[in-house]
Chemist: 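I have a structure here, written as structure tokens, and I will follow up with some questions on it.
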Amino acid sequence: MRLFIAIELPGEIKRQLEGMGAGIPGSRWVPADQIHLTLAFLGEVDDSTLRQLTGALARIRVPGFTLRFSGTGCFPDLRRPRVLWAGLEPEPKLDDLAFLVREAAVACAIAQEERPFFSHVTLARLKLPAPREVEAFLARHRTLKFPPIDVREFLLFQSRLTPQGAIHTPVKGFTLLANTASSGALQEN
Ligand code: 2AM
């Protein structure tokens, strides 16, 4: 199975993010049903590794937290933009969660990127260089804001690649701690 781990976003916000895309040549906008906040990309995972991984993910202990959208940006830079994204205000609990999720993947021998986690929601991938249009887009959405999102769980998703595009299906959800006083650490035993 081709898998990734992500935080699901409210449907209304996904529809608004999807609707932002227009007027940039060579851009492929992520459809609402594929918009999420990726914590880790896993790639192909066999059944026995999947069992081990779900056990490791279930042992992660991070309190729930609130996500706040903040502005837009692009990767790798404004000169050659390839990915447009919506940004999020810094949230240490989200960083803890991404760290622990990736650590769980590595413990199951699933390779992870060396690059540190940078929280973002991918909106579009650009096939052509369009720096001027991208700059106008970023200026237009500099103050992007949505109501805060209470995050109570993260999800393991299957991504099936089809000629019509990727189909994402939740495989299993993992509930975050209700107690906001505890810190992001793996439970002992
Ligand atoms: P991103 O949009 O945050 O980059 C599901 O396919 C998600 O996994 C994508 O939204 C993408 O997250 C990430 N992803 C897909 N293919 C990937 C790859 N080859 N390497 C790293 N991340 C990937």
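Atoms within a ligand are numbered from 1 in the order they appear, just like the ligands themselves. Numbers here simply count residues along the sequence, with the first being 1.
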Chemist: Just distances here: any N/O of Arg125 and N/O of ligand 1 closer than 3.5 Å?
Modeler: yes
Chemist: What residue and atom, counting heavy atoms only, is the protein's closest point to atom 14 (N) of ligand 1, and at what distance?
Modeler: Phe41 CD1, 3.4 Å
Chemist: If you compare all heavy atoms of Cys74 against all heavy atoms of Leu84, which two are closest, and at what distance to 0.1 Å?
Modeler: CB-CD2, 3.9 Å
Chemist: Which of parallel (below 30°), tilted (30 to 60°) and perpendicular (above 60°) describes Phe154 and Phe174?
Modeler: parallel
Chemist: By number and element, which atoms of ligand 1 are closer than 4.0 Å to a non-hydrogen atom of Glu113?
Modeler: 21 (C)
Chemist: With a 4.5 Å limit on heavy-atom distance, are the side chains of Leu156 and Leu50 in contact?
Modeler: yes
Chemist: Does Leu176 reach the side chain of Phe65, with side-chain heavy atoms less than 4.5 Å apart?
Modeler: yes
Chemist: Below 3.5 angstrom, do we get any N/O pair linking His36 and ligand 1?
Modeler: yes
Chemist: Of all the non-hydrogen atoms in the protein, which one sits nearest to atom 12 (O) of ligand 1, and at what distance?
Modeler: Thr38 OG1, 3.0 Å
Chemist: Output the list of atoms in ligand 1 that are nearer than 4.0 Å to some heavy atom of Thr122, sorted by atom number.
Modeler: 1 (P), 2 (O), 3 (O), 4 (O)
Chemist: Check each heavy atom of Gln34 against ligand 1 and say whether those closer than 4.0 Å belong to the side chain, the backbone, both or neither.
Modeler: neither
Chemist: Check for me whether the distance between the ring centres of Trp85 and Phe137 falls short of 6.0 Å.
Modeler: no
Chemist: Please verify whether a non-hydrogen atom of Arg115 lies at under 4.0 Å from ligand 1.
Modeler: no
Chemist: In terms of relative ring orientation, are His36 and His168 parallel, tilted or perpendicular, with 30° and 60° separating the classes?
Modeler: tilted
